[in-house]
Amino acid sequence: MAEIGKDISKAASLLKQGKLVAIPTETVYGLAANALDVDAVTKIFIAKNRPYFDPLIVHVCNANAVEEYAEKIPEKAFELMNRFWPGPLTLLLPRKNIVPDLVTAGLNRVGLRCPDHPMTLELLKSIPFPLAAPSANPFGYVSPTTPKHVNDQLGNEIEYILDGGECNVGIESTIVGFKEDGPVIYRLGGLRVEDIELVTGHVRVNTVSVSNPQAPGQLQSHYAPRKQVLIGDIQELAKENKSKSMAVLSFRKLNLPQMIKKEIVLSPSGNLNEAAQKLFSALRDLDAIDIDIILTELVPDTGLGRAINDRLRRAAG
Ligand code: TXA
Ligand code: MG
């Protein structure tokens, strides 16, 4: 198992030696390595069992650092960085050659993000390189939002988990790229579409790509627990699946039949931010108990609800 601690200089020293460290962000925990060191980045792919065609996000300490790694940056990208960084927003920008091919999976754009977590910002300021970091989970599984989640699955692959507590946002960053006709959202996430549109005007959302995904987060089955997840009217689903042992992940409290083994309510007061923050922990908890299926329902499709519904649909494959 990995050591869990709050020692930022220890994390910095391990990263300088080319080792992996799990880091807290406001969205989910990342599995970090020196983004400019190909050997270090290779360890990320091995630890996660991640296919090499899946590019990594590069984490920087502020917007000024972006021009070291990207060029021909659209004006709208600067506006978004100024408004939302540090925060749950990743920008896909034309890369400079200093970024290794392995990081971008050979694509001509690099994903850049400045995470909003005080410990990780301090860490980034204390090292002379940016951090490549995917979510700290085995490829395809639910992202981790606590140090324990990371340790449970990747504890044998890493030495140190920097403990920044539970993630505030709880769902991965929103990914935005730029086409000739304007910005495009490739992954719904912790920054609301409505907030982005205040800066950019209307944005296209293109998060489904079945045959040739721009990002594996676009695959229809991803972010998925091992148990079968069914989405719909929970009362109806419970009737139809009477013969199985069931758990429920509901948005607000429901009046459930007795045969439900466990219910987790994402937000008793119907708050989408709270629901997002709890979502991945809840999926992990239900995945770990002795049941056959998880019944769940979509949440209102607005604000963070859009990202929650996206993850629920992918969890259901
Ligand atoms: O909130 C987050 O974004 C977290 C924290 C740790 O920062 N990171 C995260 O990384 O979710 P990951 O690797 O689990 O998901 C990043 C997604 C992947 O689906 C990847 O394919 C896509 O971003 N991506 C990264 N760089 C890209 C690029 N150059 N072009 C297209 N997609 C890219
Ligand atoms: Mg991931």
Side-chain angles (χ1 to χ4, degrees), residues 20-33 35 41 44-45 47-60 69-70 84-96 99-117 120-121 123-124 130-145 149-150 153-154 161-162 164 167-179 184-191 206-209 212-224 276-277 280 304 307 310-311 314-315:
L20 303 181
V21 173
I23 56 165
T25 83
E26 80 283 30
T27 59
V28 301
Y29 273 75
L31 182 62
V41 173
I44 295 178
F45 287 90
K48 274 188 64 111
N49 196 14
R50 181 179 176 111
Y52 288 100
F53 63 75
D54 190 1
L56 304 177
I57 295 172
V58 174
H59 296 70
V60 294
Y69 312 110
F84 298 116
W85 278 9
L89 169 69
T90 294
L91 298 174
L92 300 181
L93 298 170
R95 67 183 260 213
K96 283 190 172 167
V99 182
D101 275 335
L102 183 61
V103 170
T104 62
L107 299 172
N108 51 18
R109 294 187 295 181
V110 57
L112 290 158
R113 147 164 148 82
C114 176
D116 189 13
H117 192 291
T120 291
L121 285 172
L123 173 65
L124 283 166
L131 292 174
S135 53
N137 53 276
F139 182 70
Y141 195 71
V142 181
S143 294
T145 56
H149 292 167
V150 180
Q153 290 187 307
L154 295 180
I161 300 172
L162 189 60
C167 301
N168 279 331
V169 174
I171 208 158
E172 302 87 346
S173 60
T174 303
I175 301 182
V176 177
F178 301 87
K179 292 259 155 137
V184 180
I185 292 179
Y186 291 101
R187 178 174 72 181
L188 294 162
L191 182 63
N206 174 16
T207 58
V208 182
S209 169
N212 181 21
Q214 292 267 337
Q218 293 180 311
L219 293 172
Q220 270 173 2
S221 171
H222 204 73
Y223 310 109
Q277 210 240 342
F280 290 153
L304 285 194
D310 173 89
R311 299 304 187 275
R314 290 179 210 273

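Indexing begins at 1, ligand by ligand and atom by atom, following the structure's order. All values derive from a computational prediction rather than experimental measurement.
Proximity of Arg95 to ligand 1 is not established, as no heavy-atom distance is less than 4.0 Å. Using a non-hydrogen distance threshold of 4.0 Å, Thr104 does not register as a contact of ligand 1.
The Mg ion (ligand 2) lies at 2.8 Å or more from every N, O or S atom belonging to Ser143.
The distance criterion of under 3.5 Å between nitrogen or oxygen atoms is not met by Glu172 with respect to ligand 1. At a 3.5 angstrom cut-off on N or O pairs, Tyr29 does not count as close to ligand 1. Residue Arg113 has at least one N or O atom closer than 3.5 Å to an N or O atom of ligand 1. Between Lys48 and ligand 1, no pair of N/O atoms sits closer than 3.5 Å.
Distances from atom 9 (C) of ligand 1 to the heavy atoms of Pro55, Pro24, Pro144, Ser135 show the closest one on Ser135.
The nearest pair of heavy atoms linking Ser135 to Val28 is CB-CG2, 3.9 Å. The nearest pair of heavy atoms linking Val60 to Leu124 is O-CD1, 3.5 Å. Of all the heavy atoms in Ala47 and Leu20, the pair that sits closest is CB-CD1, 3.9 Å. Between Arg113 and Trp85, the closest heavy-atom pair is CA-CZ2, 3.5 Å.
Within the 4.5 Å cutoff, the side chain of Leu162 has heavy atoms near those of the Pro24 side chain. Cys167 is not listed as a side-chain neighbour of Gln277, based on a closest heavy-atom distance of 4.5 Å or more. Between Pro134 and Arg50, some side-chain heavy-atom pair lies under the 4.5 Å cut-off.
Every atom of ligand 1 with a heavy atom of Ser173 under 4.0 Å away is listed here by number and element: 1 (O), 2 (C), 3 (O). In summary, the atoms of ligand 1 found under 4.0 Å from a heavy atom of Gly30, numbered by their order in the structure, are 6 (C). Applying the 4.0 Å criterion to heavy atoms of Asp54 picks out, from ligand 1, the atoms 18 (C), 19 (O), 20 (C), 21 (O). Counting the atoms of ligand 1 from 1 in the order shown, those under 4.0 Å from a heavy atom of His59 are 5 (C), 6 (C), 7 (O). Listed by number with element, the atoms of ligand 1 under 4.0 angstrom from any heavy atom of Thr27 are 1 (O), 2 (C), 4 (C), 5 (C).
Contact annotation: for His117 versus ligand 1, there are no heavy atoms closer than 4.0 Å. Of the heavy atoms in Ile175, only side-chain atoms (C-beta onward) come closer than 4.0 Å to ligand 1.
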Candidate pair Ser173 and Thr27, rule side-chain hydrogen bond (donor to acceptor under 3.5 Å, both in side chains), full reasoning: CA-CA 6 Å; Ser173 60; Thr27 59; 5.7 Å; no
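Note that the CG atom of Leu56 and the NE2 atom of His59 stand 9.5 Å from one another [nearest 0.5 Å]. The distance from the OH atom of Tyr69 to the OG1 atom of Thr104 is 14.5 Å, given to the nearest 0.5 Å.
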